[in-house]
J.: 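Before I ask anything, let me first share the structure, which is written out below as structure tokens.
The structure presented is a predicted model; accordingly, all values stated were derived computationally and were not measured. Protein chains get the first letters and strands the later ones, always in sequence-line order, with residue 1 at the start of each.
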Number of protein chains: 2
Amino acid sequence: MRLVVARCAARYTGRLAAHLPLATRLLVVKADGSVLLHSDGGSYKPLNWMSPPCTMAVVAPDAEAVERGVTAVWCVQHTKSDDRLEIDLHEVLHDSQHELGVDPGLVKDGVEAHLQALLAEQIQLLGDGHTLVRREYPTAIGPVDILARDAGGASVAVEIKRRGDIDGVEQLTRYLELLNRDPHLSPVRGVFAAQEIKPQARVLAQDRGITCLVLDYDAMRGVDDVASRLF
Amino acid sequence: MRLVVARCAARYTGRLAAHLPLATRLLVVKADGSVLLHSDGGSYKPLNWMSPPCTMAVVAPDAEAVERGVTAVWCVQHTKSDDRLEIDLHEVLHDSQHELGVDPGLVKDGVEAHLQALLAEQIQLLGDGHTLVRREYPTAIGPVDILARDAGGASVAVEIKRRGDIDGVEQLTRYLELLNRDPHLSPVRGVFAAQEIKPQARVLAQDRGITCLVLDYDAMRGVDDVASRLF
DNA sequence: TGTTCAATGTCGCAA
DNA sequence: TTGCGACGTTGAACA
């Protein structure tokens, strides 16, 4: 990711035609080539941008542009359409480059969070004699959905998904690797729990010694309702 | 605007609940207090954000968080709702501050651009004997829509809007101030042209010696069609 | 891969 | 302020 703060002007043509008068702005060039042009206010939407896939060419300004104070022109061209963003750079106030790596992405805690709460209440669904240690057990790479102990006192890490895909198994694998380094917990067994577990995910989980558990959301809510009515 | 690159994790609660596992990301704190949390790919939409109006408090992490490697926690609270974004900072790789100033904002060249083209063709609408110098006459603060000369050879700068508001008069005023510094052009007279001119804008324009011109888009297109049919 | 639908939608305009 | 519609919508789930 490249961060540039510069006095600049810009023109966009594509779905519509628009331009930005000269002002100081933040330019972000992401690893995939996409470009964002932000002002120092407003919402998260940039003033202008180019979505990936796209390529950027830095070209020298023509004589007239030089006359106006343009030092360089960024031509950002979309690869699959004729969307085009041209940025006239006047004065560069900051320019830095950063390695960020891939991002695990946002996790929305909707049904998934509810499933987690229900399973925490009904921890015996993991097997007789299981006890809850805690929900959202923190690790360096993010919280594990549930940490429990089985009847024999051994640790069990549970990853919960609405739809159980390979990604979820990979995620649980990373958690297990980390948790098993902790002598207070090790050995930690893994349980992959989801409303629906895809065949590929099931195969991968079994290959790694991870237990699969299909959760019946409606049944679990029913038990919860019954339990609630008792109080 | 503050730019921070850091290994971080985040939690959002408000319209929904969501969290971001630990990864290296770009954090942008805008002058209005809004916060963006960007990964190094994807579209212009941040992974997570807080819209203005909001306030940020930097708090010390609790013992458990320190254990996980958290060095600081940013609590960003929306002022008018209970939307809340908490960012756990682990390692700060970059931190810089920049003064950007206010942004003139995006100008969409739709009807406005068409009006400009039509008026350039029908420049006599400014008055008999007027001649076009050029459209998009460049200045340091952006292009003037139309530069023309009147029957006597004096310069005329035209600002075109679909809806003529006070902002447009202010904009034209800035252009005139700049253009009048150029001895080759000065004195430059201003014309504020729009499909509809708001009373307040008209008063301000007249006060500054700027001529108001109401443009009849349909009529101008009609003339254009007739002219086109001649060829 | 294309299509449909929700969104922490956002944004702009009119009443 | 509030409501409504458009968006360079984006993003996810489903066929």
J.: Taking atom types as modelled, is there a side-chain donor on A:Lys108 or B:His19 under 3.5 Å from an acceptor on the other?
T.: no

J.: What residues form a ring-ring contact (aromatic ring centres under 6.0 Å, His included) with A:His98, not counting sequence neighbours?
T.: B:His94

J.: I need the NE2-P distance between B:His78 and C:dG9, as an integer number of Å.
T.: 11 Å

J.: Considering heavy-atom distances to DNA chain D, does B:Lys80 or A:Leu16 have its closest nucleotide positioned more toward the 5' end?
T.: B:Lys80

J.: What are the residues of residues 31-39 of chain A, sorted by number, that bring a heavy atom to within less than 4.0 Å of DNA chain D?
T.: none

J.: Do B:Gln97 and B:Arg2 have side-chain N/O donor and acceptor atoms under 3.5 Å apart?
T.: no

J.: Filter on salt bridge (Lys or Arg N to Asp or Glu O under 4.0 Å), then keep only pairs touching residues 196-211 of chain B, sequence neighbours left out; what's left?
T.: B:Glu170-B:Arg208

J.: With A:Trp74, which residues qualify under ring-ring contact (aromatic ring centres under 6.0 Å, His included), at least two apart?
T.: none

J.: Base, sugar-phosphate, or nothing: which does A:Leu106 touch, judged by heavy atoms less than 4.0 Å apart?
T.: base

J.: Once you apply a heavy-atom cut-off of 4.0 Å, does B:Met50 come out as touching a base, just sugar-phosphate, or nothing?
T.: nothing

J.: Check the distance between D:dA12's P and B:Leu47's CG and give it to me in whole angstrom.
T.: 10 Å

J.: Pairing donors with acceptors under 3.5 angstrom, does anything connect the side chains of B:Gln195 and B:Arg162?
T.: no

J.: I'd like to check the side-chain contact (heavy atoms from CB on, under 4.5 Å) partners of A:Pro104; sequence neighbours left out, ordered by chain and number.
T.: B:Pro21, B:Ala23, B:Arg25

J.: How would you summarise protein contacts on nucleotides 10-15 of chain C per nucleotide, using B for base, S for sugar-phosphate only and - for none, with heavy-atom distances below 4.0 Å?
T.: SS--S-

J.: Would you say A:Asp83 and A:Tyr12 are linked by a side-chain donor-acceptor pair, where the criterion is simply a distance under 3.5 Å?
T.: yes

